[in-house]
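Counting from 1, the numbers follow the sequence of the chain as shown. Side chains included, hydrogens not; waters and symmetry mates left out as well; all remaining heavy atoms used. Remember, predicted model here, so these are calculated numbers, not experimental data.
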Amino acid sequence: MDTIFAEATPPGRGGVSVIRISGLQSKEALESLAGAIPEARKTYLRGLRDGDDLIDRALVIRFEKGESFTGEDVAELHLHGAPVIVQRLEAALVSFGLRRAEAGEFTRRAFLNGRIDLSEAEGLADLLAAETESQRKLAMRAAEGEVGRLTETLRQSLIRAGALVEASIDFADEDVPEDIPAEVFTLIDTVQTELRRILHQFPATERLRQGYEVAIIGPPNAGKSTLLNYIAKREVALVSDIAGTTRDILELRVDLRGLSVTFLDTAGLRESQDPVETMGVERAVRRARDADLRIHLSPNGVPQFDVADGDLVVRSKSDLSNDAEGISAHSGQGVENLLNKIYAFLRGKAADSGIVSHKRQAEAISRAIDSLDRSKSGLPELAAENIRLAIRELSAMVGRIDAEDYLDEIFSSFCIGK
C-alpha cells in the first residue's frame with residue numbers, strides 16, 4: 001500500500017501547520033528529512049532538509065505500526081504555519097516517492113487496519129460536521145465506540161442462542177436438556193426488544209444529527225421575513241410592504257441552545273395570478289408539511305394552514321396593536337418567549353433520541369429483527385439459519401462484513417488529511 005501524506009491542519013497562514021505521513025516509508029521519509037528519530041511517540045526539534053536546503057525547523061514525532069491512528073507507521077511534522085513552507089515540504093515528500101492522500105484516506109486506513117469500526121468512522125465524520133453541542137455529543141458517543149459495544153453485546157446473546165439451537169440439532173438423539181429451547185427464545189426476545197427500542201429511537205436520533213426545521217408560514221405581509229431577520233440578527237430576507245415579495249424559501253440555520261435548527265421563511269399563503277408566486281406558495285406548503293414545527297404567523301392570529309400538534313399560532317406586529325400576547329419582530333417583544341417555546345418543543349423530540357443515527361445502521365437493525373421473527377417458527381435448522389442472518393446484520397452495522405459498498409460514500413465526506 002502506498003505511503004501517503006497530507007496537511008492535517010486547515011490550509012493557509014497560521015501558527016502551526018501539521019503534515020501527517022502514513023505507510024511503510026513513513027520512518028524512512030522522516031529520517032531522510034530530519035535525521036535519526038530514535039524513540040517513537042516522543043517529540044524532537046529538528047531541522048528539515050531536502051539535500052542541502054533547510055526547509056524549516058520543526059517538531060517531529062513518529063508512531064510505530066499498531067500504535068498509531070491508522071495502524072501503520074506514521075510520522076507527523078509540526079511546521080511554522082506558512083503555505084510556502086508546506087508547499088516546499090510536500091514537494092520533497094513527492095520526490096521521495098510518497099503520494100498525496102485522498103479525502104478520508106487516513107480514517108479509511110484506520111478502519112481497514114482494525115483500529116476503528118465503521119460506526120466509529122461514521123461518528124468521526126459526524127463529529128467533523130457537527131455545528132451544535134447536541135450534535136457534538138451524539139457524534140462523540142458513536143466515535144468512542146458506543147454503537148460497536150452495544151452491537152457486540154447483542155451479537156454475543158445471539159451467538160449463544162445459535163449455539164444452543166445447533167446443539168439441539170447435532171445431539172437430537174442424545175440427552176439434551178429440555179430447557180434449551182426456552183433459553184433460546186428468551187435470548188431472542190431480549191435481543192429483539194432492545195433492537196426494536198433502538199429502531200424506535202432512530203427517527204429522533206437522525207433528526208438530531210441532521211438538524212430540525214421550523215417553518216414560518218402565514219399570509220403576505222405577516223412579518224415572516226422580519227422575524228427571520230430578527231432571529232438572524234442580520235438582514236437575511238428582503239422585507240417590503242409589497243405582497244408576494246418572498247417567492248422562494250429562505251433558510252436560516254442557527255444554533256438554538258445546542259440544537260441545530262433551520263428556520264424557513266416561506267412565501268405568503270394566498271391565491272395569485274402570478275405563476276411564479278403560485279409556485280412559491282405550493283413549495284411553501286410542501287416544506288411546511290415536512291417541517292418538524294410550524295409557526296403560524298399573522299396579524300390577526302388566525303392560521304391559514306392546518307395546525308398540527310405542537311404548532312405555534314402567533315399574532316404578529318404587536319407594536320402596532322399594543323397586543324401583549326403577540327410578538328413584534330421590530331421591537332423584539334415576545335420573540336424570546338417564542339424561541340423558548342420552539343426550543344422546549346424540539347428538546348422534547350430530542351429526548352426520544354438514542355445512539356443509532358444513520359439509515360444504513362437502522363436498515364441493518366430492521367433486517368435483523370425480521371430474521372429473528374422468522375427464527376421463532378419452523379424447523380430448528382431454519383431457526384439456526386435465521387439467527388445466523390441476524391448476527392450477520394449486526395456485524396454489518398459495524399463493518400465487520402459487507403462494508404465495501406459504503407466505504408466510498410462514508411469517507412468521501414472527510415476532508416483531506418483526516
Which is it for Glu64 and Lys27 under the side-chain contact (heavy atoms from CB on, under 4.5 Å) test, yes or no, and what are the steps along the way? CA-CA 9 Å; Glu64 294 180 341; Lys27 182 180 178 183; 5.9 Å; no
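- Checking Asp292, Asp352, Asp290 one by one against Arg207, the salt bridge (charged side-chain N to carboxylate O under 4.0 Å, His left out) holds for a single residue, Asp292.
- Using a distance-only test at 3.5 Å, with no hydrogens or angles considered, a donor-acceptor pair links the side chain of Glu31 to the main chain of Ile37.
- Residues Ala222 and Leu297 come closest through the heavy atom pair CB-O, 3.4 Å.
- A donor-acceptor contact closer than 3.5 angstrom links the side chains of Asp126 and His358.
- Partners of Arg253 under the side-chain hydrogen bond (donor to acceptor under 3.5 Å, both in side chains) rule, at least two apart in sequence or in another chain, are Glu131, Ser260, Thr262.
- The shortest non-hydrogen separation linking Ile19 to Glu90 is CD1-OE2, 4.1 Å.
- The two residues Ala139 and Leu127 make their nearest non-hydrogen contact at CB-N, 3.4 Å.
- Between the side chains of Ser225 and Asp265, at least one donor-acceptor pair of N or O atoms lies under 3.5 Å.
- Residues Gln201 and Ser353 bring no donor and acceptor atom of their side chains to less than 3.5 Å of each other.
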**Item:** Worked check of side-chain contact (heavy atoms from CB on, under 4.5 Å) between Ile327 and Lys317
**Value:** CA-CA 6 Å; Ile327 69 165; Lys317 302 185 179 182; over 6 Å; no
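- A salt bridge is defined here as a Lys NZ or Arg NE, NH1 or NH2 lying under 4.0 Å from an Asp or Glu carboxylate O, and Arg160 with Glu183 meets this definition.
- In the model, Arg108 has no side-chain atom that pairs as donor or acceptor with a side-chain atom of Asn113 under 3.5 Å.
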Evaluation steps, side chain to side chain donor-acceptor pair (under 3.5 Å), between Asn386 and Ser371
CA-CA 5 Å; Asn386 280 294; Ser371 294; 4.6 Å; no
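- The only member of Asp73, Asp2, Thr70 that meets side chain to side chain donor-acceptor pair (under 3.5 Å) when paired with Ser22 is Thr70.
- With no hydrogens or angles considered, a side-chain donor-acceptor pair links Arg155 and Ser395 at under 3.5 Å.
- A salt bridge does not link Lys341 with Asp311: every distance from a Lys NZ or Arg NE/NH1/NH2 to an Asp or Glu carboxylate oxygen is 4.0 Å or more.
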Check the pair Ile4, Arg100 against side-chain contact (heavy atoms from CB on, under 4.5 Å), reporting the backbone distance first and the verdict last. CA-CA 5 Å; Ile4 57 174; Arg100 297 177 190 275; over 6 Å; no
inquiry  = Assess the residue pair Glu122 and Gln361 against the criterion (side chain to side chain donor-acceptor pair (under 3.5 Å)); give the C-alpha distance rounded to whole Å, side-chain angles, the decisive distance to 0.1 Å, and a yes or no.
reply    = CA-CA 10 Å; Glu122 288 169 321; Gln361 300 168 351; 2.7 Å; yes
